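Read through the structure below, which is laid out as structure tokens, and then see the notes.
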Number of protein chains: 2
Amino acid sequence: MGFKKRRVKLEDIARKLNVSIATVSRALDENPRVKPSTREKVFNTAKLMGYMPNQIAKSLSSGKTNIIGVLIPRYDEPFFIEVCRGIDQYARNHNYKILISSSRNSYEFEKENLISFERGLVDGIILSPTHETENVAHLNDLISKGMPMVLFDNIREQVSGADHVMIDDKKASFAAVEFLIKKGKKKIAFIGGIKEKKVFQDRYKGFIAALTEYDIPVHKELILHCNSLHREFEDKEILDFFQHLSTTPDAVFACTDNYGLLTMKTLLKTGKKIPEEVAVIGFGDLGLGEVFVPTLTCVSQPSFEMGQKAAELLINQLNEPDEMDHKKTIVRLETQLTEREST
Amino acid sequence: MGFKKRRVKLEDIARKLNVSIATVSRALDENPRVKPSTREKVFNTAKLMGYMPNQIAKSLSSGKTNIIGVLIPRYDEPFFIEVCRGIDQYARNHNYKILISSSRNSYEFEKENLISFERGLVDGIILSPTHETENVAHLNDLISKGMPMVLFDNIREQVSGADHVMIDDKKASFAAVEFLIKKGKKKIAFIGGIKEKKVFQDRYKGFIAALTEYDIPVHKELILHCNSLHREFEDKEILDFFQHLSTTPDAVFACTDNYGLLTMKTLLKTGKKIPEEVAVIGFGDLGLGEVFVPTLTCVSQPSFEMGQKAAELLINQLNEPDEMDHKKTIVRLETQLTEREST
DNA sequence: AAAAAAAATACAAACGTTTGTATTATCGTT
DNA sequence: AACGATAATACAAACGTTTGTATTTTTTTT
């Protein structure tokens, strides 16, 4: 056997049964236009011959691939994986597959990936813009060509023509900081991420708003915007920050779980007691917080649900008969504060 | 504009330039058969008209999709994500995309996913079998139909006709346990995963082999095979285990990072000092171990490299002119022990 | 039993490429 | 200026489906 097995195709079944290809195609589709007895014969023969439909040919003919393109800024962040799981679950239940790509935090790669999606491999796109993505011309462009699109997380500028799935970052962090204030904390530190990222901007706004609301002065010294894009450096950055503080805060609001953990780790090393001396809150709640001692109080972000919702919106768009009369939706999912040992 | 924009195709360019479709196709391919001046014109017009090739049509015509199907048991395990990153990187550099699916730890879903891959959407498959996968008839079947395949991790039974990428689990765990023994540890506990999973079986063998080698008796009581497939339950299972021990071990060899962390967490809660009273080693080393206090000594598994290697092997298979004379390869990647504070 | 209606099936174009072969244009040679 | 050689291009089939329309077969009606 030194040859590649030729695949069985509709034609082979048709020939064997002395019917037309069209009939075979319709029979397998359970189209009522073919006689039940014929359908039966076709089914049996197809099984017997080991027929397997050719997805590519189907797609070319029907103009649908039943694939959803998903573009995330990076793989190694549990949040995005969790969103993908959500997308995958919903998509799978509706007969779609997902093709995940990473823009590796780069605007250029984002554009590159979108171009590749534009080549007709996907029916629609779910995307989380990178922090580098300042303008959305490339997205508008794609949408105007008729590509259905849903955005989630970190939406700096709204894109007319795309659905959006987000949380209210400002509100969520306001609530978290308010929670700390009500515990009697007065010197609250802020650990944020890269300033360019919309979600971090909003979380910062919520932080400031809460302090303002409760007449607590803002100490510039207690604020850190992490710039690192890689785990190893974040570690160092946070360590440095706490080492060079002239006073110790009595609480820390961290913009991600990971920052929260790194904060706790640093504080514990310098002998601080958590939560007695310093309370810590993280953001995200993707399992990491429960492993640590003490466990980390978190703003719980419904990541899986965000994915499900995004998939739902996209598939709805795909099913609209006239794409143009779709009323674009903005969905804001609720967050909640999950209290654990660190506060 | 209530209509879907029709895509520009080769025919449109051809008509505009008064040349044939074939010429346009070849021009865009930079085929030397077309005159440089014509190629120039075609390129310009293509750009002007916003031509975007149709990947589906290309695939149907050429018989190649340039997509690699990846099937992993679950998304929410950093190991698999890391392998996927490795695959993705290599694949991308060689003009392939990856389509990831999860078999959700189920043999049935594994088969289902493979059938969907068989529909011609992917050129080849990289797969990590589930723990439920006892026989590999479905894999052999697919391979005999000409589907290139590479297996990684948890290979219970070798599949002739597929390449394999693995680590030597037994050797790695032997080394880890030996390390503990040489530190003077005598009562070493073992925290493994589901017994059906080949990797856990091998890690257990390595553990036993090390004890035997150094004439240390095996205490059944100190051995736990976690059965939980979900994080929440693992937690409880490990807590229970340590609570019901009549004696405390002086070291723990855990078969995953997560088990290692949970172990440390449990021990710390009961007031044990790590590493003075109990040393702990984990397995995997995917970043989690560095967050904890104390940091976790780990067997470092080259996950990213496993992915890269798997992709390399698969793409090599895809490029072989005659698929049948490919000498199937088994690659064993090296592990190493990364010493941190927990030992 | 013939005509009309309905059911079942066949034909053929279309989806947008690639690619082998045939044809036409261009060039150098004499 | 005619010829052959070569370069450039055109034609058409193929990839494996789907689907609108035409045709044939069967059933119903009178």
Side-chain angles (χ1 to χ4, degrees), chain A residues 4-43 45-46 49-67 116 118-123 145-146, chain B residues 4-43 45-46 49-67 116 118-123 145-146:
Chain A
K4 178 137 185 169
K5 283 229 182 83
R6 206 181 61 86
R7 289 176 70 115
V8 176
K9 49 186 175 175
L10 292 184
E11 197 189 335
D12 302 315
I13 302 175
R15 193 158 22 218
K16 176 161 250 166
L17 291 177
N18 254 308
V19 296
S20 73
I21 295 179
T23 297
V24 177
S25 172
R26 291 196 166 102
L28 291 173
D29 260 15
E30 315 211 32
N31 185 314
R33 271 172 63 173
V34 341
K35 189 160 53 167
S37 67
T38 311
R39 187 204 305 157
E40 196 80 356
K41 277 191 289 184
V42 170
F43 266 89
T45 315
M49 300 179 75
Y51 172 71
M52 197 55 80
N54 181 321
Q55 186 58 48
I56 297 294
K58 260 187 149 122
S59 296
L60 181 61
S61 182
S62 67
K64 305 214 77 220
T65 62
N66 277 49
I67 298 178
S116 129
E118 199 184 340
R119 291 167 130 79
L121 200 69
V122 302
D123 290 341
K145 286 180 182 165
Chain B
K4 178 134 187 170
K5 283 230 183 82
R6 203 181 62 84
R7 289 175 70 115
V8 176
K9 47 185 176 175
L10 292 183
E11 196 188 335
D12 301 315
I13 302 175
R15 195 165 13 226
K16 177 161 247 166
L17 291 176
N18 253 308
V19 297
S20 73
I21 295 178
T23 297
V24 177
S25 172
R26 291 197 166 100
L28 292 173
D29 260 16
E30 314 211 31
N31 185 314
R33 270 172 63 173
V34 340
K35 188 160 53 166
S37 67
T38 312
R39 187 205 308 158
E40 196 80 357
K41 276 192 289 182
V42 170
F43 267 89
T45 315
M49 299 177 78
Y51 173 72
M52 197 56 79
N54 181 321
Q55 187 57 48
I56 297 293
K58 263 189 146 118
S59 296
L60 180 61
S61 182
S62 67
K64 305 213 78 223
T65 62
N66 277 49
I67 299 178
S116 130
E118 198 184 338
R119 291 168 130 81
L121 201 68
V122 302
D123 291 341
K145 287 181 182 164

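This is a predicted model, so every value here is computed, not measured. Proteins get letters first, then strands, A, B, ... in listed order; numbering begins at 1 in each.
- When each of D:dA12, D:dT19, C:dT17 is scored by its nearest atom to the side-chain atoms of B:A22, the top-ranked nucleotide is D:dA12.
- Atom P of nucleotide D:dT19 and atom NZ of A:K64 are separated by 12 Å, given to the nearest angstrom.
- Rounded to an integer number of Å, the gap from B:I56 CD1 to C:dT18 C1' is 15 Å.
- The main-chain N or O of B:K58 is found under 3.5 Å from a side-chain atom of B:S62 such that the two form a donor-acceptor pair.
- The side chain of A:K9 contributes an N or O atom lying less than 4.0 Å from OP1 or OP2 of D:dG16.
- Straight-line distance from the CZ atom of B:R7 to the C1' atom of C:dG16: 10 Å, rounded to whole Å.
- Atom pair A:E11:CD and D:dT18:P shows a separation of 14 Å (rounding to whole Å applied).
- Side-chain N/O atoms of B:R26 and base N/O atoms of C:dG20 include a donor-acceptor pair closer than 3.5 Å.
- Looking at A:R39, its side chain never comes within 3.5 Å of a backbone N or O of A:V34 through a donor-acceptor pair.
- The CG atom of A:N54 sits 18 Å away from the P atom of C:dC15 (whole-angstrom rounding).
- Summarising the geometry of B:A46 relative to B:L28, their closest heavy-atom pair is CB-CD2, 4.2 Å, with the distance given to 0.1 Å.
- Checked by distance alone, B:R33 brings a side-chain donor or acceptor within 3.5 Å of a matching partner on the base of C:dT21.
- In this structure the side chain of A:T65 never reaches within 4.5 angstrom of the side chain of B:Q55, judged on heavy atoms.
- Using a 4.0 Å heavy-atom distance criterion, A:T38 is classed as a sugar-phosphate-only contact.
- Mapped onto DNA chain C by nearest heavy atom, A:V34 and B:V8 fall at different nucleotides, with A:V34 at the one closer to the 5' end.
- The nearest whole Å value for the distance from the NZ atom in B:K35 to the P atom in C:dT24 is 17 Å.
- No hydrogens or angles were tested; on distance alone, nothing pairs the side chain of B:T23 with the base of D:dT9 as donor and acceptor under 3.5 Å.
- Annotation: of the two residues near DNA chain D, A:Y51 and B:P36, the 5′-most nearest-nucleotide partner is B:P36.
- If you check every strand for non-hydrogen atoms under 4.0 Å, B:N18 touches sugar and phosphate atoms only.
- Contact between the side-chain N/O atoms of B:S20 and the OP1/OP2 oxygens of D:dA10 is found at a separation under 4.0 Å.
- Nucleotide D:dT30 forms a pair with C:dA1, judged by Watson-Crick or G-U wobble geometry with both contacts under 3.5 Å.
- Within 4.0 Å of B:S25, counting heavy atoms only, lies at least one base atom of the nucleic acid.
- The two residues A:S25 and A:L10 come nearest to each other via the heavy atoms CB-CD1, 3.8 Å.
- If you take CD1 of B:I21 and P of D:dA10, they are 11 Å apart, rounded to a whole angstrom.
- The CG atom of B:L17 sits 15 Å away from the C1' atom of D:dA8 (whole-angstrom rounding).
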